[in-house]
Trainee: 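Right, I'll just put the structure down here and ask away after.
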Amino acid sequence: MKLTGNTVFITGGGSGIGRGLAEALHKLGNKVIISGRRKGHLAATIKANSGMQSVELDVAHPASIAAVAKKLIADYPELNVLINNAGIMQIDDAAGAVDEAVLVPTVMTNLLGPIRMTSALIDHLKKQASATVINVSSGLAFTPLAMTAVYCATKAAMHSYTLSQRYKLKGSSVTVLELAPPWVQTDLLGGKSDPRAMPLQEFIDETMTLLATNATEILVEGVKMLRNNVGPDEGAFLTQFNDRLAQSPH
Ligand SMILES: NC(=O)c1ccc[n+]([C@@H]2O[C@H](COP(=O)([O-])OP(=O)(O)OC[C@H]3O[C@@H](n4cnc5c(N)ncnc54)[C@H](OP(=O)(O)O)[C@@H]3O)[C@@H](O)[C@H]2O)c1
């Protein structure tokens with residue numbers, strides 16, 4: 001995609017990968033609007049990046065999405081890039097009774113959220129000469145981490161939805177990309193200082209290089225093992241992957 005001259009709206013831009021992408025795009029001179037629930041994180045991010053804007057948003061609530069979409073279209077008529085990045089990850093137990101307190105918020109945030117957010121902006125995006133939707137899935141969409149089964153299922157569903165969106169928008173001005181990160185050092189599931197995870201800035205730098213190409217799946221080197229696993233031998237690889245991650249890094 002073209003990485004300059006855009007007006008970018010990103011969900012969950014006050015921390016982690018979202019903040020990293022927002023700052024990288026801001027540095028390239030794009031107009032960037034970040035969003036999320038925690039006012040303090042939004043305020044700190046826009047304070048550190050002069051000219052960046054923010055709006056409070058809860059993607060788990062349709063009314064919040066509708067209100068923010070209306071405001072975005074009114075305040076930023078040139079908006080042409082949507083990055084569906086907001087997400088949550090919690091440990092669950094696929095071998096036991098489902099915990100509604102994990103199931104419902106995870107599906108609402110990670111699956112219904114990005115579908116509704118795109119739905120609220122798609123007519124506007126189609127009117128732009130060139131527009132991009134970036135859905136942030138995960139390497140775990142392709143090789144699930146069994147201790148976060150619901151999370152992985154939402155990401156697999158987003159991969160599927162992205163394929164359908166891309167197919168249906170073929171020939172329109174809207175390009176649909178999927179960004180599937182590997183394990184990256186952020187607050188997600190407390191992995192910020194885990195040495196097995198990829199340092200955030202390295203991930204952002206490699207991602208920005210890939211975003212500048214025509215690739216529709218943005219896959220840093222470190223995630224290809226998970227992405228390319230899908231196939232008839234999926235079960236054996238999945239066991240190996242889960243066994244290895246269950247071991248302590250130290
Ligand atoms: N880090 C990894 O290893 C990794 C790997 C693969 C994929 N990913 C994906 O990358 C994306 C970003 O995660 P991250 O690693 O950067 O973790 P993070 O720092 O925890 O960021 C998640 C962001 O999502 C926002 N968010 C969560 N629930 C929201 C809601 N209901 N409404 C609006 N915003 C919400 C959070 O902001 P508020 O809490 O302020 O709302 C936060 O800024 C997620 O989709 C995640 O699944 C991460």
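Start at 1 and go down the list; that is how both ligands and their atoms are numbered.
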Trainee: Looking at ligand 1, does Met108 have a heavy atom less than 4.0 Å from it?
Mentor: no
Trainee: I'd like to know if the side chain of Thr11 and the backbone of Ala86 have a donor-acceptor N/O pair within less than 3.5 Å.
Mentor: yes
Trainee: Identify all side-chain donor-acceptor contacts of residues 93-106 below 3.5 Å with residues at least two apart in sequence or on another chain.
Mentor:
| unit_1 | atom_1 | unit_2 | atom_2 | d |
| --- | --- | --- | --- | --- |
| Asp93 | OD1 | Ala95 | N | 3.0 |
| Asp99 | OD1 | Ala101 | N | 2.9 |
| Thr106 | OG1 | Val102 | O | 2.6 |

Trainee: Check this for me, if you would: do Glu23 and Arg19 make a salt bridge, where the nitrogen-to-carboxylate-oxygen distance has to be below 4.0 angstrom?
Mentor: yes
Trainee: So which of Gly16, Gly12, Ser15 gets nearest to atom 21 (O) of ligand 1, if we judge by its closest heavy atom?
Mentor: Ser15
Trainee: Are Pro182 and ligand 1 in contact, using a heavy-atom cut-off of under 4.0 Å?
Mentor: yes
Trainee: Under 3.5 Å between any N/O of Val59 and any N/O of ligand 1: does that happen in this structure?
Mentor: yes
Trainee: Can you find a non-hydrogen atom of Ser137 under 4.0 Å from ligand 1?
Mentor: yes
Trainee: Take every heavy atom of Thr11, measure it against each atom of ligand 1, and state whether any distance is under 4.0 Å.
Mentor: no
Trainee: Give yes or no for whether the N/O distance cutoff of 3.5 Å, strictly under, is met between Pro181 and ligand 1.
Mentor: no
Trainee: Polar-atom distance check: Ser138 versus ligand 1, any N or O pair below 3.5 Å?
Mentor: no
Trainee: May I have all residue pairs that pass ring-ring contact (aromatic ring centres under 6.0 Å, His included) and include part of residues 163-211, sequence neighbours excluded?
Mentor: none
Trainee: Is the shortest distance from a Lys or Arg side-chain nitrogen in Glu56 or Arg37 to a carboxylate oxygen in the other one below 4.0 Å?
Mentor: no
Trainee: Output yes when the distance from some N or O of ligand 1 to some N or O of Gly36 is under 3.5 Å, and no in every other case.
Mentor: no
Trainee: Judging by distance only, is a nitrogen or oxygen of Val184 under 3.5 angstrom from one on ligand 1?
Mentor: yes
Trainee: With respect to Trp183, determine whether any N or O atom, backbone or side chain, lies less than 3.5 Å from an N or O atom of ligand 1.
Mentor: no
